[in-house]
Amino acid sequence: EGRETRLRVVLRVRPLTCTETRRGDQQVVHSLGDGAVHVSAARHDATFGFSAVFDAGASQEAVFEGSGMRQLVELAMDGFSCTVFAFGQTGSGKTYTLMGPLAQSYSQPASPALLGLMQRSFTCLLEQSRSRGSDLALSASYLEIYNEQIRDLLSPGPPCALPLRWSKTRGFYVENQLSVEFESLEAIVSLLLQGSQRRRTSAHALNRHSSRSHALLTIHVRNRAVSAHPAPGEGWGAQGSERGPTWVLQAGACPSKQGTLCFVDLAGSERVKETGSSGELSLEANSINRSLLALGHCISLLAKPRGKRTHIPYRDSKLTRLLARSLGGSGITLMVACISPSSRCLSETLSTLHYASRARRVTTRP
Ligand code: ADP
Ligand code: MG
């Protein structure tokens with residue numbers, strides 16, 4: 001607590017897809033073990049190091065256990081603000097890593113072995129909350145940033161833009177976002193699936209279900225026993241009517257603990273030329289690229305030693321404002337960089353690897 005800690009950055013290399021195999025793409029990324037990965041192609045030869053590398057053979061469970069995700073869940077329960085974000089080119093496996101295969105719905109669940117970091121974290125969270133025996137209240141909110149507008153993925157009806165505000169105590173926050181309480185795995189998984197269906201996706205050349213927005217699912221972990229609440233039986237009634245309810249802390253309570261666990265599925269970076277996007281699609285691509293550029297810019301400035309840092313331009317995009325705490329503030333952050341092993345993706349892969357290596361130097365003070 002209070003000490004500088006580095007972002008934890010892990011790398012996931014997905015297997016070659018059927019299309020890539022069929023057209024004979026070369027595999028240019030090789031895991032060397034011990035968190036090292038080697039990229040070798042005609043004019044490129046480079047090695048990068050990460051906290052962990054998961055290659056094509058790594059199961060979803062191995063990624064959950066080896067990435068530090070379980071510890072992140074526990075830290076959120078201890079009151080820290082934790083964030084995991086998946087980053088990488090479109091089609092590199094970000095959504096797969098976070099949620100598992102796309103073809104899943106409530107009536108057609110994915111096979112348990114294929115479930116992603118999110119569902120595994122929910123299970124872990126609910127198990128832990130039962131075994132700790134503490135009175136935890138869990139709730140979830142789910143937002144997307146589409147064309148620089150924030151939309152609530154949990155509120156029914158047509159999407160409307162929510163304002164992003166800043167206050168001294170809360171930092172950047174989204175006003176009027178819906179937060180839904182849940183107590184079971186079924187309930188949170190159903191919120192996740194409902195929200196994901198509302199997310200903007202459009203098909204283009206690289207990925208048939210490409211996400212066109214950044215999505216942020218946040219689980220709020222609040223300790224009921226220690227947070228200020230109307231005393232039982234008093235509510236909004238009689239004696240509290242003029243002044244509102246009487247707020248009490250239960251005897252022997254320590255200061256209230258409120259942790260968060262946020263999952264960020266970034267829209268993929270892409271080059272408009274490669275994906276054959278035009279019109280509305282290229283407007284989307286430009287907003288996506290602009291916010292990813294802003295994120296990259298913040299990360300490279302944050303990667304400098306604290307004494308040498310200049311102003312960090314979080315205000316350049318909604319994404320960086322929402323991630324300000326996770327990147328440079330009091331959060332604890334895990335970044336999962338996702339890449340394709342194919343020779344055709346080489347330049348995007350190298351850019352993801354450079355970006356991810358830079359992020360390893362970023363520190364926060366949880
Ligand atoms: P992104 O979200 O980065 O655009 P996706 O997660 O949608 O990419 O992945 C693109 C495709 O590759 C999907 O069909 C997905 O099922 C497949 N895929 C990604 N990662 C893996 C993996 N580790 N194992 C098997 N298939 C994968
Ligand atoms: Mg995706």
Side-chain angles (χ1 to χ4, degrees), residues 10-23 25 27 29 31 37 52-67 69 84-105 108-120 142-146 153 192-193 195-217 263-271 274-275 277 281 284-285 288-289 291-292 295 319 335-342 344-345 348-349 351-353 355-356:
V10 303
L11 178 75
R12 187 172 205 191
V13 192
R14 69 155 166 76
L16 283 170
T17 61
C18 299
T19 324
E20 288 168 341
T21 314
R22 228 181 296 126
R23 68 182 182 209
D25 287 12
Q27 185 148 341
V29 181
S31 163
V37 71
V53 172
F54 304 97
D55 60 17
S59 66
Q60 296 280 68
E61 190 190 356
V63 175
F64 179 76
E65 296 298 341
S67 61
M69 193 62 229
V84 50
F85 67 95
F87 164 80
Q89 176 187 15
T90 297
S92 59
K94 298 181 295 294
T95 305
Y96 184 91
T97 298
L98 288 174
M99 291 180 56
L102 278 163
Q104 52 179 305
S105 64
Q108 249 188 323
S111 126
L114 299 183
L115 292 175
L117 289 180
M118 290 173 110
Q119 296 96 331
R120 286 169 202 275
Y142 199 6
L143 304 168
E144 73 171 344
I145 309 176
Y146 175 71
L153 292 172
L192 169 67
L193 295 177
S196 306
Q197 263 157 22
R198 293 209 179 94
R199 240 184 116 178
R200 282 299 293 243
T201 56
S202 16
H204 63 54
L206 277 183
N207 184 347
R208 279 196 299 131
H209 302 275
S210 168
S211 319
R212 312 300 296 172
S213 67
H214 307 299
L216 291 89
L217 179 109
F263 299 87
V264 186
D265 187 3
L266 295 177
S269 54
E270 60 189 53
R271 275 169 300 159
E274 211 164 88
T275 53
S277 307
L281 283 186
E284 287 174 352
I288 295 170
N289 288 345
S291 56
L292 289 174
L295 178 63
L319 178 67
M335 172 163 162
V336 186
C338 298
I339 57 172
S340 150
S342 157
R344 295 242 188 152
C345 299
E348 285 283 355
T349 294
S351 115
T352 302
L353 289 167
Y355 203 101

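This one's a predicted model, so the numbers in the text were calculated from it and none came from an experiment. Order of appearance sets the numbers: ligands from 1, and atoms from 1 within every ligand. Reckoned from all heavy atoms, side chains included, excluding hydrogens, waters and symmetry mates. Quick note: residue numbers are just sequence positions, from 1.
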Under 4.0 Å from one or more heavy atoms of Gly93, ligand 1 contributes atoms 1 (P), 3 (O), 5 (P), 6 (O), 8 (O), 9 (O), 19 (C), 20 (N)
Counting only heavy atoms closer than 4.0 Å, does ligand 1 sit against the backbone of Pro15, its side chain, both, or neither? side chain
Is any N or O atom of Thr17, backbone or side chain, closer than 3.5 Å to an N or O atom of ligand 1? no
Within the distance-only criterion (no hydrogens, no angle test), does the side chain of Lys94 pair as donor or acceptor with the backbone N or O of Gly88 below 3.5 angstrom? yes
The criterion is side-chain contact (heavy atoms from CB on, under 4.5 Å); which residues satisfy it with Ser111, sequence neighbours excluded? Ala113, Leu114
Looking at Arg198 and Leu193, would you say the former's side chain and the latter's main chain have a donor-acceptor pair under 3.5 Å? no
Thr95 N/O/S atom closer than 2.8 Å to the Mg ion (ligand 2): yes
Quick one: does Ser340's side chain have a donor or acceptor within less than 3.5 Å of a partner on Ser342's backbone? yes
With Thr21 via side-chain contact (heavy atoms from CB on, under 4.5 Å) - residues at least two apart: Leu16
Look only at the side chain of Glu65 and the backbone of Ala62, and say whether a donor-acceptor pair between them is shorter than 3.5 Å. no
Within the structure, does Asp265 bring an N/O atom to less than 3.5 angstrom of an N/O atom in ligand 1? no
Compute the shortest N/O to N/O distance between Ser92 and ligand 1 and return yes if it is under 3.5 Å, no if not. yes
Enumerate the atoms of ligand 1 whose separation from the nearest heavy atom of Thr90 is less than 4.0 angstrom. 4 (O)
Below 3.5 Å, N or O to N or O, backbone or side chain included: is there any such pair between Pro101 and ligand 1? no
